[in-house]
Amino acid sequence: MGVLASGRGSNFQSILDEIEKGRLRSEVRILITDNPGAYAIDRAKKNGIEALVIRPKEFSTKDDFYRTVTDELKKRNVELVVLAGFMRIVGAPLINAFPNRIMNIHPALLPSFPGLHAQKQAVDYGVKFSGCTVHFVDMGMDTGPIIIQAAVPVYESDTEETLSERILKLEHRIYPEAIRLFSENRLKVEGRIVKITGDTHADSFLVNPPVIV
Ligand code: GRF
(Lines give C-alpha, C1' and ligand atoms only; values in the text may rest on other atoms or scores of the structure.)
Protein backbone atom coordinates (compact mmCIF):
# COMPACT_ATOMS: atom_id res chain seq x y z
CA MET A 1 0.00 0.00 0.00
CA GLY A 2 0.90 3.65 -0.21
CA VAL A 3 0.05 5.90 2.74
CA LEU A 4 -0.77 9.61 2.45
CA ALA A 5 -0.54 11.60 5.69
CA SER A 6 -0.21 15.25 6.65
CA GLY A 7 0.47 15.15 10.38
CA ARG A 8 1.23 13.05 13.44
CA GLY A 9 0.38 9.74 11.76
CA SER A 10 -0.99 7.75 14.69
CA ASN A 11 -3.24 5.78 12.32
CA PHE A 12 -0.22 5.12 10.10
CA GLN A 13 1.53 3.81 13.22
CA SER A 14 -1.38 1.50 14.07
CA ILE A 15 -1.09 -0.02 10.59
CA LEU A 16 2.69 -0.46 10.96
CA ASP A 17 2.15 -2.11 14.36
CA GLU A 18 -0.31 -4.65 12.94
CA ILE A 19 2.12 -5.49 10.12
CA GLU A 20 4.93 -5.85 12.66
CA LYS A 21 2.80 -8.23 14.77
CA GLY A 22 2.09 -10.34 11.69
CA ARG A 23 -1.66 -9.68 11.86
CA LEU A 24 -1.71 -7.69 8.64
CA ARG A 25 0.03 -9.30 5.70
CA SER A 26 0.68 -6.20 3.74
CA GLU A 27 3.56 -3.87 3.02
CA VAL A 28 3.80 -0.09 3.04
CA ARG A 29 5.82 0.80 -0.06
CA ILE A 30 5.81 4.56 0.44
CA LEU A 31 4.61 7.39 2.67
CA ILE A 32 3.70 10.52 0.74
CA THR A 33 3.13 13.75 2.64
CA ASP A 34 2.26 17.30 1.68
CA ASN A 35 3.85 18.56 4.90
CA PRO A 36 7.63 18.48 5.39
CA GLY A 37 7.08 18.81 9.16
CA ALA A 38 4.78 15.79 9.46
CA TYR A 39 5.71 13.43 12.30
CA ALA A 40 4.53 10.62 10.00
CA ILE A 41 7.89 11.04 8.20
CA ASP A 42 9.77 10.05 11.36
CA ARG A 43 7.53 7.02 11.76
CA ALA A 44 8.27 5.96 8.17
CA LYS A 45 12.02 6.37 8.64
CA LYS A 46 12.01 4.35 11.87
CA ASN A 47 10.38 1.52 9.93
CA GLY A 48 12.66 1.72 6.89
CA ILE A 49 9.86 3.05 4.69
CA GLU A 50 10.55 5.58 1.97
CA ALA A 51 9.05 9.00 2.76
CA LEU A 52 8.40 11.45 -0.03
CA VAL A 53 7.39 15.09 0.45
CA ILE A 54 5.33 16.48 -2.43
CA ARG A 55 4.31 20.09 -1.90
CA PRO A 56 1.11 21.23 -3.62
CA LYS A 57 2.40 24.79 -3.91
CA GLU A 58 5.09 23.60 -6.33
CA PHE A 59 2.39 22.69 -8.88
CA SER A 60 0.36 25.08 -10.93
CA THR A 61 -2.87 23.07 -10.59
CA LYS A 62 -4.40 20.65 -8.12
CA ASP A 63 -4.63 18.05 -10.89
CA ASP A 64 -0.89 18.35 -11.60
CA PHE A 65 -0.16 17.70 -7.94
CA TYR A 66 -2.38 14.61 -7.93
CA ARG A 67 -0.94 13.34 -11.22
CA THR A 68 2.50 13.38 -9.62
CA VAL A 69 1.23 11.65 -6.47
CA THR A 70 -0.43 9.01 -8.68
CA ASP A 71 2.75 8.47 -10.72
CA GLU A 72 4.83 7.94 -7.57
CA LEU A 73 2.31 5.40 -6.23
CA LYS A 74 2.10 3.55 -9.55
CA LYS A 75 5.90 3.40 -9.86
CA ARG A 76 5.94 1.39 -6.65
CA ASN A 77 3.10 -0.93 -7.74
CA VAL A 78 0.82 0.26 -4.97
CA GLU A 79 -2.56 -1.53 -4.95
CA LEU A 80 -4.25 0.33 -2.10
CA VAL A 81 -3.93 3.99 -1.16
CA VAL A 82 -4.48 4.67 2.54
CA LEU A 83 -5.31 8.21 3.65
CA ALA A 84 -4.18 8.57 7.25
CA GLY A 85 -4.89 12.13 8.33
CA PHE A 86 -4.29 13.51 4.84
CA MET A 87 -5.75 17.00 5.15
CA ARG A 88 -6.74 17.58 1.53
CA ILE A 89 -9.65 16.79 -0.75
CA VAL A 90 -8.38 14.10 -3.11
CA GLY A 91 -8.27 15.13 -6.76
CA ALA A 92 -9.72 13.35 -9.79
CA PRO A 93 -6.44 12.01 -11.24
CA LEU A 94 -5.78 9.97 -8.10
CA ILE A 95 -9.39 8.81 -7.66
CA ASN A 96 -9.67 7.73 -11.29
CA ALA A 97 -6.37 5.83 -11.10
CA PHE A 98 -7.47 3.88 -7.99
CA PRO A 99 -11.24 3.29 -8.17
CA ASN A 100 -12.44 1.80 -4.86
CA ARG A 101 -8.79 1.46 -3.96
CA ILE A 102 -8.41 4.53 -1.79
CA MET A 103 -9.47 4.33 1.85
CA ASN A 104 -9.97 7.08 4.39
CA ILE A 105 -10.78 7.16 8.09
CA HIS A 106 -13.11 9.81 9.40
CA PRO A 107 -13.68 10.55 13.12
CA ALA A 108 -17.50 10.46 13.07
CA LEU A 109 -20.30 8.10 12.12
CA LEU A 110 -20.80 9.18 8.50
CA PRO A 111 -22.91 10.55 6.95
CA SER A 112 -23.09 12.65 10.13
CA PHE A 113 -20.45 15.33 10.57
CA PRO A 114 -18.33 15.17 7.41
CA GLY A 115 -15.45 17.59 6.92
CA LEU A 116 -13.17 19.21 9.46
CA HIS A 117 -13.53 19.07 13.26
CA ALA A 118 -15.97 16.17 13.18
CA GLN A 119 -15.55 15.53 16.90
CA LYS A 120 -16.35 19.17 17.76
CA GLN A 121 -19.36 19.02 15.44
CA ALA A 122 -20.61 15.95 17.35
CA VAL A 123 -20.11 17.58 20.78
CA ASP A 124 -21.78 20.82 19.66
CA TYR A 125 -24.72 18.99 18.11
CA GLY A 126 -25.37 17.03 21.29
CA VAL A 127 -25.41 13.51 19.85
CA LYS A 128 -25.22 10.70 22.41
CA PHE A 129 -23.07 8.46 20.22
CA SER A 130 -20.37 9.18 17.71
CA GLY A 131 -17.50 7.10 16.40
CA CYS A 132 -15.39 6.54 13.34
CA THR A 133 -15.84 5.36 9.79
CA VAL A 134 -13.50 3.72 7.29
CA HIS A 135 -14.72 4.31 3.76
CA PHE A 136 -13.62 4.19 0.16
CA VAL A 137 -12.93 7.60 -1.31
CA ASP A 138 -15.04 9.00 -4.12
CA MET A 139 -15.31 12.49 -5.58
CA GLY A 140 -17.37 13.87 -2.67
CA MET A 141 -16.17 14.88 0.77
CA ASP A 142 -16.43 11.86 3.10
CA THR A 143 -19.21 10.38 0.94
CA GLY A 144 -17.73 7.11 -0.37
CA PRO A 145 -18.93 3.55 0.36
CA ILE A 146 -18.65 2.66 4.06
CA ILE A 147 -16.46 -0.31 5.00
CA ILE A 148 -16.44 -0.37 8.83
CA GLN A 149 -17.84 1.84 11.57
CA ALA A 150 -17.44 1.73 15.33
CA ALA A 151 -19.34 3.72 17.95
CA VAL A 152 -18.48 5.41 21.23
CA PRO A 153 -20.75 7.23 23.70
CA VAL A 154 -20.62 11.02 23.96
CA TYR A 155 -20.92 12.41 27.48
CA GLU A 156 -22.17 15.81 28.64
CA SER A 157 -18.74 16.50 30.05
CA ASP A 158 -16.99 15.78 26.75
CA THR A 159 -14.89 18.33 24.92
CA GLU A 160 -13.52 18.03 21.40
CA GLU A 161 -10.31 16.70 22.96
CA THR A 162 -11.81 14.02 25.22
CA LEU A 163 -14.12 12.74 22.50
CA SER A 164 -11.27 12.71 19.96
CA GLU A 165 -9.18 10.60 22.31
CA ARG A 166 -12.00 8.08 22.82
CA ILE A 167 -12.65 7.83 19.09
CA LEU A 168 -8.96 7.56 18.19
CA LYS A 169 -8.60 4.33 20.17
CA LEU A 170 -11.21 2.75 17.91
CA GLU A 171 -9.72 4.29 14.76
CA HIS A 172 -6.54 2.38 15.54
CA ARG A 173 -8.53 -0.86 15.62
CA ILE A 174 -10.84 -0.54 12.65
CA TYR A 175 -8.41 0.95 10.11
CA PRO A 176 -5.97 -1.98 10.14
CA GLU A 177 -9.02 -4.28 10.15
CA ALA A 178 -10.44 -2.69 6.99
CA ILE A 179 -7.05 -2.95 5.28
CA ARG A 180 -6.80 -6.58 6.30
CA LEU A 181 -10.20 -7.31 4.73
CA PHE A 182 -9.07 -5.57 1.55
CA SER A 183 -5.79 -7.48 1.48
CA GLU A 184 -7.77 -10.74 1.76
CA ASN A 185 -9.95 -9.63 -1.15
CA ARG A 186 -13.05 -9.77 1.04
CA LEU A 187 -14.54 -6.37 0.24
CA LYS A 188 -17.10 -6.37 -2.58
CA VAL A 189 -18.44 -2.98 -3.56
CA GLU A 190 -21.96 -2.96 -5.02
CA GLY A 191 -23.02 0.60 -5.71
CA ARG A 192 -22.44 2.32 -2.41
CA ILE A 193 -22.80 -0.88 -0.38
CA VAL A 194 -19.64 -2.68 0.74
CA LYS A 195 -20.23 -6.37 1.37
CA ILE A 196 -17.78 -8.31 3.50
CA THR A 197 -17.35 -11.89 2.39
CA GLY A 198 -16.02 -14.85 4.34
CA ASP A 199 -16.35 -15.78 7.96
CA THR A 200 -13.79 -15.07 10.66
CA HIS A 201 -13.70 -13.71 14.18
CA ALA A 202 -13.62 -10.25 12.63
CA ASP A 203 -17.24 -10.45 11.62
CA SER A 204 -18.58 -10.53 15.15
CA PHE A 205 -16.54 -7.39 15.82
CA LEU A 206 -18.02 -5.76 12.76
CA VAL A 207 -21.61 -6.64 13.59
CA ASN A 208 -21.26 -5.72 17.23
CA PRO A 209 -18.53 -3.12 17.57
CA PRO A 210 -17.23 -2.69 21.09
CA VAL A 211 -18.20 0.44 22.94
CA ILE A 212 -15.26 1.85 24.82
CA VAL A 213 -16.39 3.83 27.83
C1 GRF B 1 -7.77 11.18 12.67
O2 GRF B 1 -8.67 11.67 13.63
C3 GRF B 1 -8.51 10.72 11.44
O4 GRF B 1 -9.77 10.22 11.73
C5 GRF B 1 -8.63 11.98 10.64
O6 GRF B 1 -7.43 12.67 10.87
C7 GRF B 1 -6.88 12.29 12.11
C8 GRF B 1 -5.49 11.79 11.82
O9 GRF B 1 -4.79 11.48 12.98
N10 GRF B 1 -8.86 11.68 9.25
P11 GRF B 1 -3.38 10.74 12.86
O12 GRF B 1 -2.48 11.66 12.01
O13 GRF B 1 -3.59 9.41 12.21
O14 GRF B 1 -2.88 10.63 14.26
Side-chain angles (χ1 to χ4, degrees), residues 3-18 31-35 37-43 56 62 81-91 95 102-182 187 192-194 196 202-213:
V3 175
L4 271 57
S6 302
R8 67 184 168 183
S10 72
N11 278 287
F12 176 36
Q13 186 67 52
S14 73
I15 294 160
L16 294 174
D17 291 347
E18 289 300 288
L31 167 80
I32 297 179
T33 181
D34 55 343
N35 171 16
Y39 186 63
I41 297 173
D42 298 56
R43 298 186 195 269
K62 182 178 160 183
V81 181
V82 172
L83 308 185
F86 184 64
M87 302 305 287
R88 291 180 180 277
I89 308 273
V90 176
I95 292 174
I102 306 173
M103 280 186 194
N104 183 44
I105 187 150
H106 182 75
L109 293 175
L110 292 171
S112 292
F113 314 129
L116 291 174
H117 302 292
Q119 303 95 331
K120 182 173 189 310
Q121 292 184 56
V123 169
D124 291 350
Y125 198 93
V127 290
K128 302 300 184 192
F129 282 89
S130 190
C132 45
T133 304
V134 181
H135 63 94
F136 285 117
V137 173
D138 64 10
M139 297 299 265
M141 187 169 61
D142 300 323
T143 53
I146 290 170
I147 303 165
I148 305 185
Q149 295 186 300
V152 300
V154 182
Y155 301 118
E156 282 172 21
S157 56
D158 266 327
T159 61
E160 181 179 8
E161 288 72 31
T162 58
L163 180 59
S164 299
E165 206 180 310
R166 194 173 307 121
I167 291 173
L168 194 64
K169 286 184 189 152
L170 281 187
E171 292 186 35
H172 295 163
R173 291 176 63 177
I174 67 170
Y175 213 1
E177 181 63 20
I179 295 165
R180 191 176 69 78
L181 292 169
F182 181 91
L187 300 177
R192 63 159 301 110
I193 307 299
V194 180
I196 298 171
D203 297 328
S204 57
F205 167 68
L206 297 175
V207 170
N208 186 17
V211 173
I212 296 191
V213 179

Less than 4.0 Å between a side-chain N and a carboxylate O, is that true for Arg192 and Asp138? no
Considering non-hydrogen atoms only, spot the tightest contact between Ala178 and Ile147 and give its length. CB-CG2, 4.0 Å
Heavy-atom pair of closest approach, residues Leu163 and Pro153: CD1-O, 4.1 Å
Taking the side chain as C-beta and beyond, is there a heavy-atom pair between Val127 and Phe113 under 4.5 Å? yes
Can you tell me how far apart OH (Tyr175) and CD1 (Ile148) are? Round to the nearest 0.5 Å. 11.0 Å
Met87 vs Leu116, test: side chain to side chain contact (heavy atoms under 4.5 Å, CB included). Steps then yes/no. CA-CA 9 Å; Met87 302 305 287; Leu116 291 174; 3.6 Å; yes
Heavy-atom nearest pair, Ser130 first then Pro107, reads OG-O, 4.5 Å
To the nearest 0.5 angstrom, please state how far the CD1 atom of Ile105 sits from the CG atom of Asp142. 11.5 Å
Of all heavy-atom pairs between Phe12 and Ala40, which one has the smallest distance, and what is that distance? CE2-O, 3.5 Å
Thr133, Leu109, Val134 screened by side chain to side chain contact (heavy atoms under 4.5 Å, CB included) with Ile146, the one that passes: Thr133
For the student: nearest non-hydrogen atoms of Leu170 and Ala150, plus distance: CD1-CB, 3.6 Å
Inter-residue atom distance Lys62.NZ - Ile89.CD1, 0.5 Å rounding: 6.0 Å
Does Ile196 reach the side chain of Leu187, with side-chain heavy atoms less than 4.5 Å apart? yes
All heavy atoms of Asp158 vs all of Thr162, minimum pair found to be OD1-OG1, 2.6 Å
Interatomic distance, CG@Leu83 vs CE@Met103, rounded to 0.5 Å, equals 10.5 Å
Rounded to the nearest 0.5 Å, what separation is found between the OG atom of Ser10 and the CG atom of Leu16? 11.5 Å
Can you find a pair of side-chain heavy atoms, one from Thr159 and one from Val123, that are under 4.5 Å apart? no
Rounded to the nearest 0.5 Å, how far does OG of Ser6 lie from CG of Asn35? 6.5 Å
Spell out, as yes or no, whether a donor-acceptor pair under 3.5 Å connects the side chain of Arg43 to the backbone of Arg8. yes
